[in-house]
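Single-structure report; data block below.
Just so we're on the same page: letters track the sequence lines, and every chain starts at 1. Only heavy atoms go into these numbers, but all of them, side chains included; no hydrogens, no water, no symmetry mates.
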Amino acid sequence: MTDNSPRPVRTRFAPSPTGSLHIGGLRTAMFNWLFARHHNGRFILRVEDTDQKRYDPQALRILMEGMRWAGLDWDEGPDVGGPYGPYIQSERLTLYQKWAQWLVDNDKAYPSYETPAELEAIRKDLESRKLPPGYNRQHRDLTPEQRAAFEAQGRKPVIRLKMPLEGETIVNDAIHGDVRFENARQQDTVLLKSDGFPTYHLAHVVDDHFMEISHVLRAAEWMPSVPVHWQLWQAFGWEPPVYAHLPVMLNPNGKGKMSKRNPPRDAKGNIIPVLVDDYIQAGYLPEAILNFLANIGWNFGDEREIFTMNDAIERFDLSRINQANSAFPPEKLDWLNGIYIRELPVERLAALLREPLERAGFKVDDDRLMKIAPLVQIRMKTLNDVVELAGFFFHDEFEPAPADQLPQKGMTAEQTRAALEQAGAALSALENFTHEEQEAAMRALAERIGVKPSALFNVLRVATTGQAVATPLFETMEILGRNESLRRIQLAAAQLAALIGSPVQPE
RNA sequence: GCCCCAUUCGUCUAGAGGCCCAGGACGUGGCCCUCUCAAGGCCAAAACAGGGGUUCGAUUCCCCUAUGGGGCACCA
């Protein structure tokens, strides 16, 4: 059922570089990486760029950056090389062509000369006759003369696999156990396209063989093509790897798999990212993302849900991978990310906070950031939360809140104005402008003027930060400094004075 | 339409015949703490899809139904 292959463990992640790394792809990569590391094996990165129509030259770079960000290091790959290279399929074309020809020569595959339009017509015809759509195998047994005739027309054939017409293909999947397919229902799948490029089916079998891949952990979407792959291994007479089909990560609502078109949404209806790059931009930590991903479709074994990748490597085991697909739980990611943020050393947090702040257009002062970091640390789910929470620290010019937001529940504008004045006076009289001294003074003041401390503090918070929700008041004022704090308090008092002085709106 | 895979609280999951009147976590609700917001602590509600078998005994094994997902390209 599991990894009883005697071969040294070699796994691979083989994305096609058609865009940025998909979060589901990262999970697949992670499982392969975890498995290889657990068995002291090798983890290979291979690029499946056999679709010229979808090729994106930027994608490979972005993809590797995403993997590195996550900390999934590969032992062999396009940039690091290795003894089984090249690791880019478009650089291995002659290999695929050679083995495709070998299959033809050994009667395991055949050239098929239809044009796309003809294939379309065949499909339509099959469908109209209520037969399974696909290819009707009309070129499966062409004579050499017939083939020559097509060649003479200048037609470029594809190479198709000669699928057995009867019997069944039974494949033992490491996660699902025996899976059986009726051969008669399978297609004569295209192995080599007319442009000389292989399809995934051919390319991955050839590569996995020559790269000596021992275990293929891939998304369950591939399961339907397993019989084709298995027959290919048989046709070549090569030892197949152990296949393990991973459960698919579905949208949060469980409807459909995560994809860029048809973007997934959380419970509140917010769009949640699909691409790893977007998670980076959104302020998620790699440790949190990996830990989160590891808990979807796999579990640690005891009741721990928070663990390091080293712990996961130690524990990783195919038998703990689920068979059922699962919905992506965004709230859980936020929770985990918050935990990882809280565990960060402050210096590290401060360093990480810089980018979202600068992206929001702020000029960031290092000293100030170091002081702010511990204040925001327990209040964030993502790094980006710093902008809303503490962005006011970095405004070039202070943006006061509207005056009507200053008075707290049960306080009149005049009361509030007076409280502000007195707070200013008391604060300016402080020997040291530390948060401890401030708090003592403000509590005393609250009692003296007969308002609840929380009400007074909230007034001051709105006055000094310009927002109702912010970092703790006294620490905040300490960072702002006495002059700036007093200035803002006076400004607020003046705002209120103006408000009171202005003619009262009739209702 | 055909094929494949699956089905435990809203969600992620534990459970591999009796330990389960089903455990953990997120989220939700309540309480506590509290200068806002958080964080933290405590408590609560919340699930074995349905029906047949097998068995002394099924969440666990088998079958059927239902539901969900995936796949049916010269894309991967």
Do the side-chain N or O atoms of [X] get closer than 4.0 angstrom to the phosphate oxygens (OP1, OP2) of [N]?
X: Asn322(A); N: rU13(B); value: yes
X: Arg320(A); N: rU13(B); value: no
X: Asn299(A); N: rA14(B); value: yes
X: Arg185(A); N: rC3(B); value: yes
X: Arg443(A); N: rC35(B); value: yes
X: Lys268(A); N: rG27(B); value: no
X: Gln323(A); N: rC5(B); value: no

Where do N or O atoms of nucleotides 71-74 of chain B meet protein N or O atoms at under 3.5 Å, pair by pair?
from    : atom 1 : to        : atom 2 : distance (Å)
rG71(B) : OP1    : Lys257(A) : NZ     : 2.5
rC74(B) : O2     : Ser194(A) : N      : 2.8
rC74(B) : O2     : Ser194(A) : OG     : 2.8
rC74(B) : N3     : Ser194(A) : OG     : 2.9
rC74(B) : N4     : Glu114(A) : O      : 2.8

Check: Ser225(A) side chain, Val228(A) main-chain N or O, donor-acceptor pair, under 3.5 Å: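 No, the answer is negative, given that no donor and acceptor are paired below the 3.5 Å cut-off.
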Polar side-chain contact Arg379(A)-rC37(B) base: donor and acceptor under 3.5 Å: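 Side chain to base: pair present.
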Under 3.5 Å donor-acceptor pair, Glu127(A) side-chain atoms to rG1(B) base atoms: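 Answer is no: no donor-acceptor pair is held.
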Can you tell which of [options] lies closest to the side chain of [X]?
X: Lys255(A); options: rC26(B), rG69(B), rC35(B); answer: rG69(B)
X: Ser454(A); options: rU7(B), rC5(B), rC35(B); answer: rC35(B)
X: His201(A); options: rA6(B), rC4(B), rA76(B); answer: rA76(B)
X: Glu331(A); options: rC35(B), rG69(B), rG27(B); answer: rG27(B)
X: Ile296(A); options: rC35(B), rC12(B), rA6(B); answer: rC12(B)
X: Ile378(A); options: rA39(B), rC35(B), rC4(B); answer: rA39(B)
X: Trp335(A); options: rC35(B), rC4(B), rA25(B); answer: rA25(B)
X: Arg461(A); options: rU7(B), rC35(B), rC5(B); answer: rC35(B)

RNA chain B: 5'-proximal contact among Leu333(A) and Glu182(A) (nearest heavy atom):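 On the 5' side of the pair lies Glu182(A).
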Residue whose nearest RNA chain B nucleotide is more 5′ - Ser16(A) or Ala468(A):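 Checking each residue's closest nucleotide, the 5'-ward one belongs to Ala468(A).
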In whole angstroms, how far is the [atom2] atom of [N] from the [atom1] atom of [X]?
X: Leu202(A); N: rA76(B); atom1: CG; atom2: C1'; value: 14 Å
X: Leu336(A); N: rU13(B); atom1: CG; atom2: P; value: 14 Å
X: Lys381(A); N: rA39(B); atom1: NZ; atom2: C1'; value: 9 Å
X: Ile321(A); N: rG15(B); atom1: CD1; atom2: P; value: 14 Å
X: Glu305(A); N: rU13(B); atom1: CD; atom2: P; value: 10 Å
X: Glu475(A); N: rU34(B); atom1: CD; atom2: C1'; value: 13 Å
X: Ile272(A); N: rU11(B); atom1: CD1; atom2: C1'; value: 12 Å
X: Leu63(A); N: rA76(B); atom1: CG; atom2: C1'; value: 13 Å

Phe316(A) and Phe31(A) aromatic centres sub-6.0 Å: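 Under 6.0 Å, so yes.
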Test of ring centre spacing under 6.0 Å for His176(A) and His245(A):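 Not under 6.0 Å, so no.
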Side chains of residues 332-340 of chain A: which donor-acceptor pairs under 3.5 Å do they make with residues two or more places apart or in other chains?
from      : atom 1 : to        : atom 2 : distance (Å)
Lys332(A) : NZ     : Glu305(A) : OE1    : 3.2
Asp334(A) : OD1    : Tyr284(A) : OH     : 2.6
Asn337(A) : OD1    : Leu285(A) : N      : 2.8
Asn337(A) : ND2    : Gly283(A) : O      : 3.2
Asn337(A) : ND2    : Lys381(A) : O      : 2.6
Tyr340(A) : OH     : Asn291(A) : OD1    : 2.5
Tyr340(A) : OH     : Phe307(A) : O      : 3.1

Tell me what [X] touches on the nucleic acid: a base, only sugar-phosphate, or nothing, going by heavy atoms under 4.0 Å.
X: Gly256(A); value: sugar-phosphate
X: Ala324(A); value: sugar-phosphate
X: Arg180(A); value: sugar-phosphate
X: Pro111(A); value: nothing
X: Phe292(A); value: nothing
X: Gly301(A); value: nothing

Does [X] pair with [Y] as a salt bridge, N-O distance under 4.0 Å?
X: Arg12(A); Y: Asp208(A); answer: yes
X: Glu447(A); Y: Arg443(A); answer: no
X: Arg147(A); Y: Glu151(A); answer: no
X: Arg123(A); Y: Glu127(A); answer: no

Ring geometry between Trp222(A) and His229(A) (parallel below 30°, tilted from 30 to 60°, perpendicular above 60°):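 Tilted: the ring planes of His229(A) and Trp222(A) meet at 30° to 60°.
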Parallel, tilted or perpendicular, as decided by the 30° and 60° cut-offs, for the rings of His204(A) and Tyr200(A):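 The rings of Tyr200(A) and His204(A) lie parallel, inter-plane angle below 30°.
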Watson-Crick or G-U wobble mate for [N], both contacts under 3.5 Å:
N: rG1(B); result: rC72(B)
N: rA66(B); result: rU7(B)
N: rU34(B); result: none
N: rG18(B); result: rC56(B)
N: rA44(B); result: rU28(B)

Could you measure between the two [atom1] atoms, the one in [N] and the one in [M], and give it in whole Å?
N: rG29(B); M: rC35(B); atom1: P; answer: 23 Å
N: rC19(B); M: rA14(B); atom1: C1'; answer: 14 Å
N: rG52(B); M: rG10(B); atom1: C1'; answer: 30 Å
N: rC12(B); M: rG1(B); atom1: C1'; answer: 34 Å
N: rC56(B); M: rG15(B); atom1: C1'; answer: 22 Å

Any side-chain donor near an acceptor of the partner, Asp207(A) and Tyr87(A), under 3.5 Å: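 No, because no side-chain N or O of Asp207(A) sits under 3.5 Å from a partner of the opposite role on Tyr87(A).
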